[in-house]
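Let me begin by presenting the structure, written as structure tokens, before commenting on it.
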Amino acid sequence: MKYGFWILSLFIAVIWVYLMIVNFGNTINITLINQEVANLFNIAPVSLSMGAWLFILLIYFLGELELALFFLPALIQNKEKEGAYERRLEKTSVSNDESNAKVKVLENKIQVLEKALEDALKKNN
């Protein structure tokens with residue numbers, strides 16, 4: 001599935017590059033503030049003229065930035081959950097190690113007491 005997404009992403013990037021190459025000689029006029037808004041705020045209208053390939057490239061990178069910013073909170077939340085899970089797993093592992101050590105100590109004490117009981121019984125007989 002991961003490779004399918006990579007192939008799809010590569011295909012989309014190739015389409016973007018194709019669009020930039022095809023529109024290399026074209027220009028685009030973009031109006032940022034039109035005449036009505038300029039009259040409303042008593043400012044001059046603003047428009048940009050740029051190459052179509054540059055506009056396509058700009059839109060591509062802005063889309064990538066938007067995607068990253070959109071999923072960044074989810075990524076941070078997943079990393080926090082992963083860290084909490086690792087800490088809990090570590091505590092559980094340490095707890096299990098401590099429990100195993102306690103069991104071994106108790107087993108050793110039982111063996112010592114059994115040996116002492118055997119020795120005491122032998123002396124009394």
Leu54 with Ile56, same ILVMFWY side-chain cluster at under 4.5 Å: yes
Under the ring-ring contact (aromatic ring centres under 6.0 Å, His included) definition, can you give me all pairs with a residue in residues 55-92, not counting sequence neighbours? Trp16-Tyr60
Quick one: which residue pairs count as a side chain to side chain donor-acceptor pair (under 3.5 Å) with a foot in residues 107-120, not counting sequence neighbours? none
Kindly give the cluster partners of Leu113, where membership spreads through any ILVMFWY side chain lying under 4.5 Å from a current member. none
Other than Leu65, what residues sit in its cluster of Ile, Leu, Val, Met, Phe, Trp and Tyr side chains whose heavy atoms are under 4.5 Å apart, directly or through others? Leu69
Sorted by chain and number, sequence neighbours left out, side chain to side chain contact (heavy atoms under 4.5 Å, CB included) with Glu36 holds for Asn34
How long is the straight-line distance from CG of Leu10 back to OH of Tyr3, given to the nearest 0.5 Å? 14.5 Å
Could you state the interatomic distance from CD1 (Ile12) to CD1 (Ile7), rounded to the nearest 0.5 Å? 12.5 Å
Which residues pass the side chain to side chain donor-acceptor pair (under 3.5 Å) test with Asn29, sequence neighbours left out? Ser49
Under the rule for ring-ring contact (aromatic ring centres under 6.0 Å, His included), what residues qualify as partners of Phe5, not counting sequence neighbours? none
Considering residues, nucleotides and ligands other than Glu66, do more than 12 of their heavy atoms fall under 6.0 Å from its CD? no
In this structure, would Leu57 and Ile28 fall into the same cluster of hydrophobic residues linked by side-chain contacts under 4.5 Å? yes
Mind checking side chain to side chain donor-acceptor pair (under 3.5 Å) for Asn39 and listing every partner two or more places apart, or none if nothing turns up? Gln35
Residues in side chain to side chain contact (heavy atoms under 4.5 Å, CB included) with Leu32, at least two apart? Ile30, Val46, Leu48
Would you mind writing out the side-chain donor-acceptor pairs for residues 73-83 within the sub-3.5 Å range, not counting sequence neighbours?
none

Contacts table for residues 19-26: side-chain donor-acceptor under 3.5 angstrom, sequence neighbours left out:
from	atom 1	to	atom 2	distance (Å)
Asn23	OD1	Asn26	ND2	3.0
Asn23	ND2	Leu19	O	3.0

Work out which heavy atom in Ala44 is nearest to a heavy atom in Ala38; give both atom names and the distance. C-CB, 3.8 Å
